Amino acid sequence: MKITLVRMPAFGVTCAPLNLACLAAVLRARGHDVTLLDLDAATYHEADADLRSTFWSRDTASNLAAWKDPQKVRRLASGPTTREWERRVLSGSPDVVGFSVYATNVVPTAHLARRIRRRSRAPIVFGGPHCRRESGVALDLVQRGFADAAVVGEGEETLAELVADLAAGGLRRRPGAIVRTARALEDGGPRASLADLDALPFPDFTGLRLEHYDALSAATSRGCINRCGFCLDCSFWGAHRQRRAERVAAELEHQVRTHGILRFELLDLLVNGRLPELERLCRLLVALGERVGRPVEWRGFLSPREMSADLLGLMRRAGCTHVSIGVESGSERVLRRFHRRTPTRTIEELVARCHAAGIGVGIDWMVGFPGETEEDFAATVALATRLRPYVEGGGHRPASLCAAPPGSDLYANPGRYGVVRLDATDLAGWDDGGAPYATRVARRRRLNEVLAQARASGAPDGGGS
């Protein structure tokens, strides 16, 4: 079958979409003709600077707010732009159209899907992190007719089965999917996580305009070793599963030799889930750089945990140029309450060691946790201030406000965190016996002011690239 997989604006354009490449590899291995269409990157490169800074903001809240501004939406998705999106999707006369759906692109995705349905009889399948059973979004998108099916969770096996069903004449109940059959809407329930990630084919980026990106993308694992109460990714990915270092290194070498690109974004929730495997991977990447005559460069996410200076030095020699670390709070009381056990002194040591090894550091922060006191918040400001000399150009991401996204333990069990659940997705409606909503918002603003300050002039020697 001819399948077109699409990502709509706006998500992020630093690296080629790994999810589309993973799905394409599986479908192509089964004999299907797959076209990858990243309208996110294409639209970004055609947009003016003002639209880029709003719809593609690093601050998710700002991004979502842009879609609520009719004037900006008209400028981004004017009539000619929408018609061009439609033309590109339908130009190959696909038998199936699949959309990758995020919170930040669900509006234009649904809009284009409705236009395509008017012009084509091709079944439409939605998938991605915003298609969740817990939130009801997946069911709603199918029920309202935007899609014929929604994949919930990991998509490789589920999408391949749905395509096979469509080729055979029609959708039927499948684990990991909500589908509209000839009889009714049917939810096949959850699908077990893929046990052997190394059995998957290498992601296939063929057909994407790779010049649109700073890097290719890859992953060494899925899932997370942590179970943070505010996080929804664990419910999406399931248990932590690690790929063998040899398989990851072989994949990166394949991409280097196929595309001539040596820069990668590792999109795991964390690359340091299993430190011995990370060490083996780094040694293999050093050898890969020697074989191709240039070092491979990569960036990734670290969970705040104990890591030796020797391992971090090896990571830098293996091409690691930057890491993002989810510190979140400087209050150990708050961290423990949300199932994070790393002491703040260990966090400080990790950040300082990354800096000393020549690895750039970015840090994620969060405020407004249920029960967070002014003392807790002061501890966060103090830690952010102490870490500022080690962070690239003061380059913390803007602090986020703790929410209870469907799929998180905070959403499922608010009482465990002291929240009286009026509407768990409405921050202003929380009652946790602590700071009111306005105070939480003010704390975020105060912390962002601290994070925005220029990097201290007395920064230690070293630094990232």
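Values reported hereafter were calculated over all heavy atoms of this structure, with side chains retained and with hydrogens, waters and symmetry mates removed. Predicted model only: the values in this text are computed from it and were never measured.
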Q: Quick one: closest heavy-atom pair of Leu20 and Ser100, and the distance?
A: CD2-CB, 4.1 Å

Q. Who passes side chain to side chain donor-acceptor pair (under 3.5 Å) against Thr220, sequence neighbours left out?
A. Asp268

Q: Indicate yes or no for a side-chain donor-acceptor contact from Asn413 to the backbone of Arg416 under 3.5 Å, with no hydrogens or angles considered.
A: no

(Q) So does Ile359 get a backbone contact from the side chain of Arg316, meaning a donor-acceptor N/O pair under 3.5 Å? (A) no

Q: Quick one: pull up CG in Leu311 and CG in Asn272 and give me the separation to the nearest 0.5 Å.
A: 8.5 Å

Q: Spell out, as yes or no, whether a donor-acceptor pair under 3.5 Å connects the side chain of Asp198 to the backbone of Arg244.
A: yes

Q: Spell out, as yes or no, whether a donor-acceptor pair under 3.5 Å connects the side chain of Arg274 to the backbone of Val271.
A: no

Q.
To check you understand the geometry: which heavy-atom pair defines the closest contact between Cys15 and Ser217, and what is its length?
A. SG-CB, 4.0 Å

Q | Arg345, CZ: over 12 other non-hydrogen atoms inside 6.0 angstrom | A | no

Q. Distance-only, no hydrogens or angles: does the Glu372 side chain make a donor-acceptor pair with backbone N or O of Arg440 under 3.5 Å?
A. no

Q) Does a sphere of radius 6.0 Å around CZ in Arg263 hold more than 12 heavy atoms from other residues, nucleotides or ligands, not counting ones at 6.0 Å or beyond? A) no

Q.
Could you report the tightest heavy-atom contact between Gly330 and Thr380, atom names first, then the distance?
A. N-OG1, 2.9 Å

(Q) Side chains of Ser308 and Asp310: any donor to acceptor distance under 3.5 Å? (A) no

**Q.** SG-CE distance between Cys354 and Met307, expressed to the nearest 0.5 angstrom
**A.** 6.5 Å

Q.
So for atom CD, which belongs to Glu211, do other residues, nucleotides or ligands contribute more than 12 heavy atoms lying within a distance under 6.0 Å?
A. yes

Q) Any side-chain donor-acceptor pair under 3.5 Å between Glu306 and Thr346? A) no

Q: Just jot down the side-chain contact (heavy atoms from CB on, under 4.5 Å) partners of Leu139, sequence neighbours excluded, or say none.
A: Gln143, Ile178, Leu185

Q. Are the side chain of Arg209 and the backbone N or O of Ala42 linked by a donor-acceptor pair below 3.5 Å?
A. no

Q | Heavy-atom pair of closest approach, residues Asp376 and Gly371 | A | OD2-O, 3.9 Å

Q) Is the closest basic N to carboxylate O distance between Arg333 and Glu375 below 4.0 Å? A) no

(Q) Could you check whether any side-chain N or O of Glu156 sits under 3.5 Å from a backbone N or O of Leu200, counting only pairs where one atom can act as donor and the other as acceptor? (A) no

Q) Would you call Arg283 and Glu290 a salt bridge, taking side-chain N to carboxylate O under 4.0 Å as the test? A) no

Q.
Which residues pass the salt bridge (charged side-chain N to carboxylate O under 4.0 Å, His left out) test with Arg241, not counting sequence neighbours?
A. Glu154

Q: Could you list the residues that satisfy salt bridge (charged side-chain N to carboxylate O under 4.0 Å, His left out) with Arg174, not counting sequence neighbours?
A: Glu161, Asp165

(Q) Suppose we screen for side chain to side chain donor-acceptor pair (under 3.5 Å). Which residues come up paired with Glu246, at least two apart in sequence or across chains? (A) none

Q: Check whether any side-chain N or O of Ser329 sits under 3.5 Å from a backbone N or O of Val334 as a donor-acceptor pair, and report yes or no.
A: no

Q) What pair of heavy atoms forms the shortest contact from Pro175 to Thr158, and how long is it? A) O-OG1, 3.5 Å

Q. If you look only at pairs with a residue in residues 251-271, which of them pass as a ring pair (Phe, Tyr, Trp, His ring centres under 6.0 Å), with sequence neighbours excluded?
A. Phe202-His254

(Q) Whether the Thr43 and Trp85 side chains hold a donor-acceptor pair (N or O, under 3.5 Å, no angle test) is what I'd like checked. (A) yes

Q) Passes salt bridge (Lys or Arg N to Asp or Glu O under 4.0 Å), Arg340 versus Glu332? Steps please. A) CA-CA 8 Å; Arg340 293 281 290 273; Glu332 293 187 3; over 6 Å; no

Q: Return yes if some donor-acceptor pair links the side-chain N/O of Asn448 with the main-chain N/O of Arg445 below 3.5 Å, else return no.
A: no

Q: Return the set of residues passing side chain to side chain donor-acceptor pair (under 3.5 Å) with Arg341 (not counting sequence neighbours), or none when no residue passes.
A: none

(Q) Under the salt bridge (charged side-chain N to carboxylate O under 4.0 Å, His left out) definition, can you give me all pairs with a residue in residues 5-22, not counting sequence neighbours? (A) Arg7-Asp38, Arg7-Asp40

Q. Is a side-chain donor-acceptor pair under 3.5 Å present for Ser400 with Asp364?
A. no

Q) Val34 versus Leu36: any side-chain heavy-atom pair under 4.5 Å? A) yes

**Q.** Flag side-chain contact, heavy atom, 4.5 Å: Ile325 against Phe301
**A.** no

Q: To the nearest 0.5 angstrom, please state how far the CD1 atom of Ile261 sits from the CG atom of Leu216.
A: 4.0 Å

Q.
I'd like to know whether Met315 forms a side-chain contact (heavy atoms from CB on, under 4.5 Å) with Leu278, so could you lay out the CA-CA distance, the side-chain angles of the two residues, the decisive distance to 0.1 Å, and finally the verdict.
A. CA-CA 8 Å; Met315 286 172 56; Leu278 175 59; 3.9 Å; yes

**Q.** From Glu328 atom CD to Ile347 atom CD1, the distance as rounded to the nearest 0.5 Å
**A.** 9.0 Å

**Q.** Nearest heavy atoms of Ala399 and Leu447, plus distance in Å
**A.** CB-CD2, 3.7 Å

Q. Taking side chain as C-beta onward, heavy atoms only, is Trp365 less than 4.5 Å from Leu387?
A. yes

Q) Can you list every ring pair (Phe, Tyr, Trp, His ring centres under 6.0 Å) pair that touches residues 16-53, not counting sequence neighbours? A) Tyr44-Trp56, His45-His212

Q) Hey, are the side chains of Leu312 and Leu350 touching, using non-hydrogen atoms and a 4.5 Å cut-off? A) yes

Q.
Looking at Arg294, I want to see if its CZ is surrounded by more than 12 non-hydrogen atoms of other residues, nucleotides or ligands under 6.0 Å.
A. no

(Q) Rounded at 0.5 Å granularity, tell me how far CD in Glu279 sits from CD in Glu277. (A) 10.5 Å

Q: For residues 233-253, pull every pair meeting ring pair (Phe, Tyr, Trp, His ring centres under 6.0 Å), keeping only residues two or more places apart or in separate chains.
A: none

Q) Is the backbone of Arg305 close enough, under 3.5 Å, to the side chain of Ser303 for a donor and an acceptor to pair up by distance? A) no

Q.
Does any part of the side chain of Val361, heavy atoms only, come nearer than 4.5 Å to the side chain of Ser324, both counted from C-beta?
A. no

Q) Is there a ring-ring contact (aromatic ring centres under 6.0 Å, His included) between Tyr417 and Phe338 once you walk through the steps? A) CA-CA 8 Å; Tyr417 303 90; Phe338 281 83; 4.9 Å; yes

Q) For the atom pair NE2 (His339) and SG (Cys231), what is the distance rounded to the nearest 0.5 Å? A) 11.5 Å

Q | With Phe377 via ring-ring contact (aromatic ring centres under 6.0 Å, His included) - residues at least two apart | A | none

Q. Who pairs with Ser53 by side-chain contact (heavy atoms from CB on, under 4.5 Å), at least two apart in sequence or on another chain?
A. Asp50

